[in-house]
Amino acid sequence: MTAPNVTVGGGGPASVRVRFAPSPTGYLHVGGARTALFNWLFARRHVGTMILRIEDTDLERSTEASTRTILEGLEWLGITWDEGPFFQSREVAAHRALALRFLEAGMAYHCFCAADELDRKRREAEAGGAAWKYDRTCLRLAPDEVRRRLAAGQPSVLRFRVGEGPVVWDDAVHGTTSFDASVLEDIILLRSNGSPTYNLSCVSDDIAMRVTHVIRGDDHLSNTPKQILIYRAAGAAVPIFAHLPLILGADKKRLSKRHGAVSVTEYRDRGYLPEALFNFLALLGWSPGGGREKLSREEMVGAFDLEAINRKGAVFDEQKLEWINSQYINDLPAARIAAMIGPDLAREGLWASDLAEGGARRAWFLAVCEALKARSKRIPDFRRDLRPFLSDRFEYQPEAVAKHLSAGAKGGDPAMIAARMGRLRDALGRTEPFTEAKAEETLRALAEADGEAAALYIHPLRLALLGTAVSPGVFVVLVLIGRERALARIDRLIAFLQSGQTP
RNA sequence: GUCCCCAUCGUCUAGCCUGGCCCAGGACACCGCCCUUUCAAGGCGGGAACACGGGUUCAAAUCCCGUUGGGGACGCCA
């Protein structure tokens with residue numbers, strides 16, 4: 001059967017075809033996500049085709065739930081695919097057919113050595129400090145003997161016979177890379193239960209899917225010579241390989257669970273934006289040059305080049321991710337923030353229907369989100385800061401009280417502060433119109449008349465309004481809270497000051 | 001241990017292929033200043049790196065060799 005002369009994506013016969021091939025044995029790891037992302041960038045850059053293939057041949061560990069999380073993670077990141085998802089387990093017949101072809105051609109042979117026996121030999125050799133590779137015991141078996149054992153039902157694996165000499169390829173990231181075949185042991189193609197192994201399945205599928213570029217992690221570097229041998233034996237064109245450097249933890253070791261969050265969904269749940277994670281991951285091991293760091297997907301696609309990928313592993317620095325995230329939050333429309341924070345607010349009982357689109361307080365709500373943007377690094381920061389805007393039930397933060405209301409504070413004793421707040425309350429009650437500028441004018445005029453620093457009014461006012469020592473500009477907050485509620489909150493503070501509860 | 005890969009500020013990186021423009025540029029983080037009612041944001045400034053040793057060359061971060069260090073792979077997992 002020859003491939004019909006059709007192309008998907010209109011790129012012509014030589015069109016780029018890449019694939020992301022995760023095994024569904026867990027969540028979508030940020031390393032995997034970056035591999036997918038680079039494949040996607042490369043496919044888009046060359047108007048090629050991105051294939052998604054789920055390598056679910058390990059029936060023991062593969063789960064549907066895992067497949068779902070992976071798809072969900074890719075979708076959330078905006079990494080789309082043109083073909084698939086294909087499931088590798090459905091192609092088992094094709095994988096075996098290829099292995100059998102090798103057997104018939106004398107390029108593969110049955111091996112009856114028991115797994116535990118080989119394990120023992122390996123351990124012994126390694127204990128003696130020597131490298132171990134399969135000793136080809138079964139390659140020396142006479143054909144009659146092989147037939148006899150097969151007929152007797154003795155279990156066997158099918159091994160690919162590795163030849164001699166160097167296996168060299170021009171890696172798109174690393175340049176010329178080579179392994180000598182003498183370090184490779186004869187590759188197991190089919191397990192004793194007849195199921196195909198990774199190297200066989202992977203190559204078989206990549207040939208069938210006409211994959212032109214294999215872009216994957218550095219951890220596959222040592223599989224590459226084995227796979228090249230299989231491509232050659234199959235008489236298929238060897239694709240171009242591009243091995244990406246690994247993502248490392250702070251200790252420079254391969255990023256794993258013990259370093260903290262590693263799954264894409266975890267980052268999503270912690271309030272990172274998909275575009276921010278995407279941008280951050282793209283910059284791990286790749287740079288468009290020119291000092292550009294915050295790039296849109298389109299800009300990345302336009303600048304992407306495999307040759308520009310670094311050869312060195314890159315440490316995942318969450319602080320930088322947080323910074324990029326804050327940059328993206330800064331130019332996020334308030335409506336999107338509202339959409340993301342809505343469910344969180346509902347969970348805390350802070351949501352009301354008039355905050356939703358079309359609701360009476362919608363515009364006000366968006367204005368509050370807008371005011372909070374500049375000091376938010378992650379989405380949950382909004383939930384924290386939004387509370388006193390949405391509810392009158394908030395506590396005075398102890399640090400804020402200690403700093404601005406205590407007897408030792410700059411403002412003097414609580415009675416003096418209360419007196420000041422009383423005057424401020426009255427003045428604000430008369431301020432017309434109740435705008436940011438006018439309110440500021442009122443407060444400053446009052447401070448001047450009292451011969452005091454404006455700060456002595458401002459800090460307690462912020463505390464009265466939000467319970468905090470930190471917030472957006474206090475006059476913005478004042479207007480956002482509204483006169484009526486603001487005056488009530490000042491009264492509440494005065495009562496608190498007079499209650500003797502201040503430190 | 002064997003094989004392979006890698007090596008520029010603490011971290012991400014530009015520069016390396018095509019040696020001189022680099023006593024090395026940007027970003028995060030850190031520190032300081034400005035702005036300012038606070039915290040941020042923003043602006044300005046600061047400290048901070050070519051792993052080491054040889055070689056080639058008039059000239060090396062850049063090319064070559066070695067050393068050291070780090071990582072990955074060594075499964076009838078993928």
Side-chain angles (χ1 to χ4, degrees), chain A residues 21-25 55-58 60-62 88 111 113-115 118-119 122 125-133 155-159 171 173-175 177-180 182-185 188-195 197-199 201-202 217-225 243 245-246 248 250 252-254 280 283-294 307 310-324 326-327 330 372-377 381 400 403-404 440 443-444 447 453-459 461-463 468-475:
Chain A
S23 60
T25 52
E55 308 220 321
D56 59 343
T57 51
D58 184 344
E60 303 276 294
R61 296 192 301 153
S62 298
Q88 189 163 57
C111 169
C113 298
L118 294 176
D119 269 358
R122 183 176 292 113
E126 278 169 3
W132 157 263
K133 76 178 198 193
S156 68
V157 299
L158 196 69
R159 280 189 191 267
D171 196 281
V173 172
H174 292 280
T177 308
S178 87
F179 281 75
D180 196 275
S182 64
V183 304
L184 269 27
E185 72 174 13
I188 294 179
L189 300 174
L190 297 180
R191 302 186 181 91
S192 50
N193 66 7
S195 65
T197 57
Y198 167 70
N199 285 122
S201 304
C202 179
D218 256 353
D219 48 340
H220 282 290
L221 222 34
S222 54
N223 280 321
T224 306
H243 288 96
L246 264 16
L248 279 20
K252 303 267 191 185
K253 294 216 193 333
R254 190 181 173 160
F280 174 73
L283 258 28
L284 232 41
W286 175 68
S287 162
R292 289 184 293 165
E293 299 221 292
K294 184 163 175 281
E307 316 256 319
N310 259 286
R311 289 181 287 272
K312 191 180 56 161
V315 174
F316 189 101
D317 178 8
E318 193 169 343
Q319 278 191 318
K320 185 137 187 182
L321 204 211
E322 206 169 57
W323 172 75
I324 292 190
S326 71
Q327 296 292 306
N330 262 318
L372 294 174
K373 251 163 60 166
R375 73 216 70 230
S376 302
K377 290 183 187 305
D381 292 350
K403 191 169 177 192
H404 299 297
E440 177 161 8
L443 182 145
R444 289 189 189 283
L456 295 186
Y457 295 79
I458 286 171
H459 295 302
L461 174 60
R462 169 179 292 110
L463 193 35
T468 62
V470 166
S471 82
V474 78
F475 302 108

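Just so it is clear: chains get the letters A, B, ... in the order the sequence lines come, proteins before strands, and each one is counted from 1.
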**Student:** May I ask you to evaluate whether A:K320 reaches the phosphate of B:C12, defined as a side-chain N or O under 4.0 Å from OP1 or OP2?
**Tutor:** no

**Student:** Would you confirm whether A:T197, through its side chain, and A:L189, through its main-chain N or O, come within 3.5 Å as a donor-acceptor pair?
**Tutor:** yes

**Student:** Which nucleotide in the list B:G72, B:C3, B:G71 gets nearest to the side chain of A:F179?
**Tutor:** B:C3

**Student:** Could you measure between the two C1' atoms, the one in B:G46 and the one in B:A29, and give it in whole Å?
**Tutor:** 14 Å

**Student:** Checking all strands, does A:R292 fall into the base, sugar-phosphate, or nothing category for heavy-atom contacts under 4.0 angstrom?
**Tutor:**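 Since no nucleic acid heavy atom lies under 4.0 Å of A:R292, the category is nothing.
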
**Student:** A:S326 near the nucleic acid: base, sugar-phosphate alone, or nothing, with a heavy-atom cut-off under 4.0 Å?
**Tutor:** nothing

**Student:** At less than 3.5 Å, do the side-chain atoms of A:K373 and the base atoms of B:A41 form a donor-acceptor pair?
**Tutor:** no

**Student:** Quick check: does any side chain N or O of A:K377 sit under 3.5 Å from a backbone N or O of A:S326, one acting as donor and the other as acceptor?
**Tutor:** no

**Student:** Taking any heavy-atom pair under 4.0 Å as a contact, classify A:S287: base, sugar-phosphate, or nothing.
**Tutor:**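 Sugar-phosphate contact only.
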
**Student:** Which whole number of Å gives the distance between the C1' atom of B:A61 and that of B:U13?
**Tutor:**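 The same atom, C1', in both gives a distance of 14 Å.
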
**Student:** For the backbone of A:K312 and the side chain of A:N310, can you confirm whether one donor and one acceptor N or O come within less than 3.5 Å of each other?
**Tutor:** no

**Student:** So which protein N/O to nucleotides 35-39 of chain B N/O distances come out below 3.5 Å?
**Tutor:**
| unit_1 | atom_1 | unit_2 | atom_2 | d |
| --- | --- | --- | --- | --- |
| B:U37 | OP1 | A:R444 | NH2 | 2.5 |
| B:U37 | O2' | A:H459 | NE2 | 2.8 |
| B:U37 | O2 | A:R462 | NH1 | 3.4 |
| B:U37 | O2 | A:R462 | NH2 | 2.6 |
| B:U37 | N3 | A:V474 | N | 3.4 |
| B:U38 | O2' | A:A469 | O | 3.1 |
| B:U38 | O2 | A:S471 | N | 2.9 |
| B:U38 | O2 | A:S471 | O | 3.2 |
| B:U38 | N3 | A:R462 | NH2 | 3.1 |
| B:U38 | N3 | A:S471 | O | 2.7 |
| B:U38 | O4 | A:G473 | N | 3.3 |
| B:C39 | O2 | A:R375 | NH1 | 2.5 |
| B:C39 | N3 | A:R375 | NH1 | 2.4 |

**Student:** Once you round to the nearest 0.5 Å, how far does NE2 of A:H404 lie from CG of A:L456?
**Tutor:** 10.5 Å

**Student:** Considering only atom P, compute the distance from B:U56 to B:G71 and round it to an integer number of Å.
**Tutor:**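 Per the computed distance, 35 Å lies between those P atoms.
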
**Student:** What is the distance, to the nearest angstrom, from the CG atom on A:D218 to the C1' atom on B:G70?
**Tutor:** 13 Å

**Student:** Want to settle it: does A:A374 or A:L283 sit nearer the 5' end of RNA chain B, counting the closest nucleotide to each?
**Tutor:** A:L283

**Student:** Pairing check on B:U2: which nucleotide meets the Watson-Crick or G-U wobble criteria with it, both distances under 3.5 Å?
**Tutor:** B:A73

**Student:** Base, sugar-phosphate alone, or nothing: which one does A:H220 contact when heavy atoms must sit under 4.0 Å apart?
**Tutor:** base

**Student:** C1' atom, B:U57 versus B:A7: distance in rounded Å?
**Tutor:** 24 Å

**Student:** Reckon A:L284 touches a base, only the sugar-phosphate, or nothing at all at heavy-atom distances under 4.0 Å?
**Tutor:**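 Sugar-phosphate: the residue A:L284, judged by heavy atoms under 4.0 Å, touches backbone atoms but no base.
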
**Student:** Just the rounded figure in Å: distance from P of B:C12 to NZ of A:K312.
**Tutor:**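 Value for this atom pair: 5 Å.
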
**Student:** Under 4.0 angstrom, heavy atoms only, what part of the nucleic acid is A:S195 near: base, sugar-phosphate, or nothing?
**Tutor:** nothing

**Student:** Would the distance check show the side chain of A:K252 and the main-chain N or O of A:G313 forming a donor-acceptor pair, the cut-off being under 3.5 Å?
**Tutor:** no

**Student:** Mind checking the CZ-CZ spacing from A:R462 to A:F475? Nearest 0.5 Å is all I need.
**Tutor:** 9.0 Å

**Student:** A:V157 has a side chain; which of B:U13, B:C76, B:G26 sits nearest to it?
**Tutor:**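 In terms of side-chain proximity for A:V157, the closest of B:U13, B:C76, B:G26 is B:C76.
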
**Student:** Shortest non-hydrogen contact from A:S201 to A:T57?
**Tutor:**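 What the structure gives for the nearest pair is OG-CG2, 4.4 Å.
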
**Student:** Just compare B:C5, B:A78, B:C76 and give me whichever is closest to any side-chain atom of A:S23.
**Tutor:** B:A78

**Student:** Scan A:T57 against the nucleic acid and name what it touches under 4.0 Å (heavy atoms): base, sugar-phosphate only, or nothing.
**Tutor:**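 Sugar-phosphate only.
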
**Student:** Please determine, for the side chain of A:V315, which listed nucleotide (B:U11, B:C3, B:A7) has the closest atom?
**Tutor:**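 The answer is B:U11, which lies nearest to the side chain.
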
**Student:** Should B:A24 form a Watson-Crick or G-U wobble pair with both distances under 3.5 Å, which nucleotide is its partner?
**Tutor:** none

**Student:** When only distance counts, do a donor and an acceptor, one from the side chain of A:N199 and one from the base of B:A78, lie under 3.5 Å apart?
**Tutor:**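 No, no donor-acceptor pair under 3.5 Å.
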
**Student:** With sugar-phosphate meaning primed atoms plus P, OP1 and OP2, does A:Q319 contact a base, only sugar-phosphate, or nothing at under 4.0 Å between heavy atoms?
**Tutor:**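 Since only primed, P, OP1 and OP2 atoms lie under 4.0 Å of A:Q319, the category is sugar-phosphate.
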
**Student:** Under the 3.5 angstrom rule, does the side chain of A:S376 hit a backbone N or O of A:A374 as a donor-acceptor pair?
**Tutor:**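 No, A:S376 side chain to A:A374 backbone: no donor-acceptor pair under 3.5 Å.
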
**Student:** Taking only the side-chain nitrogens and oxygens of A:K252, find out if one of them lies under 4.0 Å from OP1 or OP2 of B:A7.
**Tutor:**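 Looking at the OP1 and OP2 atoms of B:A7, neither is under 4.0 Å from any side-chain N or O of A:K252.
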
**Student:** Have a look at A:K133 and say if it touches a base, only the backbone sugar-phosphate, or nothing, with a 4.0 Å heavy-atom cut-off.
**Tutor:**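 Result for A:K133 = nothing.
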
**Student:** For a quick check of understanding: with a heavy-atom distance under 4.0 Å over all strands, which category does A:D119 fall into, base, sugar-phosphate or nothing?
**Tutor:** nothing

**Student:** Over how many whole Å does the gap from A:H174 atom NE2 to B:C4 atom P extend?
**Tutor:** 14 Å

**Student:** Considering only the C1' atoms, how many Å lie between B:C16 and B:G25, rounded to the nearest integer?
**Tutor:** 15 Å

**Student:** Which residues pass the side chain to side chain donor-acceptor pair (under 3.5 Å) test with A:R444, not counting sequence neighbours?
**Tutor:**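 A:R444: side chain to side chain donor-acceptor pair (under 3.5 Å) contacts with A:E440.
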
**Student:** Taking the side chain from A:T468 and the backbone from A:V470, do they hold a donor-acceptor pair closer than 3.5 Å?
**Tutor:**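 Flag set: sc A:T468 to bb A:V470 pair under 3.5 Å.
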
**Student:** If I take atom CG in residue A:N223 and atom P in nucleotide B:G75, what distance separates them, rounded to the nearest angstrom?
**Tutor:**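 So the two atoms are 11 Å apart, to the nearest Å.
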
**Student:** Provide, to the nearest angstrom, the distance between the CG atom belonging to A:L248 and the C1' atom belonging to B:G70.
**Tutor:** 9 Å

**Student:** Mind checking if A:V183 touches a base, just sugar-phosphate, or nothing, with heavy atoms under 4.0 Å?
**Tutor:**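 Sugar-phosphate only.
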
**Student:** If B:A61 has a Watson-Crick or G-U wobble mate with both distances under 3.5 Å, name it; if not, just say none.
**Tutor:**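 Paired with no nucleotide.
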
**Student:** Rounded to whole angstrom, note down the C1' distance from B:C64 over to B:G19.
**Tutor:** 13 Å

**Student:** Please test A:H243 against A:T224 for side chain to side chain donor-acceptor pair (under 3.5 Å), starting from the C-alpha separation and ending with a verdict.
**Tutor:** CA-CA 10 Å; A:H243 288 96; A:T224 306; 3.0 Å; yes

**Student:** Which whole number of Å gives the distance between the C1' atom of B:A51 and that of B:U8?
**Tutor:** 10 Å

**Student:** Less than 4.0 angstrom between a side-chain N/O of A:N310 and OP1 or OP2 of B:A14, yes or no?
**Tutor:** yes

**Student:** Determine the interatomic distance between P on B:A27 and the same-named atom on B:A41; round to the nearest Å.
**Tutor:**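 Their P atoms lie roughly 15 Å apart.
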
**Student:** Using atom CZ of A:R254 as one end and atom C1' of B:C5 as the other, report the distance to the nearest whole Å.
**Tutor:**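 Going from CZ in A:R254 over to C1' in B:C5 covers 14 Å.
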
**Student:** Quick one: label A:Q327 by what it contacts on the DNA or RNA (base, sugar-phosphate, nothing), any heavy atom closer than 4.0 Å.
**Tutor:** sugar-phosphate

**Student:** Starting at atom CH2 of A:W323, determine the distance to atom P of B:U13, rounded to an integer number of angstrom.
**Tutor:**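 The distance from CH2 of A:W323 to P of B:U13 comes to 14 Å, rounded to the nearest Å.
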
**Student:** May I have the distance from A:L184 (atom CG) to B:U2 (atom C1'), rounded to whole angstrom?
**Tutor:** 12 Å

**Student:** Which is more 5' along RNA chain B, the nucleotide nearest A:L246 or the one nearest A:N193? Just name the residue.
**Tutor:** A:L246

**Student:** Should B:C35 form a Watson-Crick or G-U wobble pair with both distances under 3.5 Å, which nucleotide is its partner?
**Tutor:**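 Looking at the geometry, B:C35 pairs with no nucleotide.
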
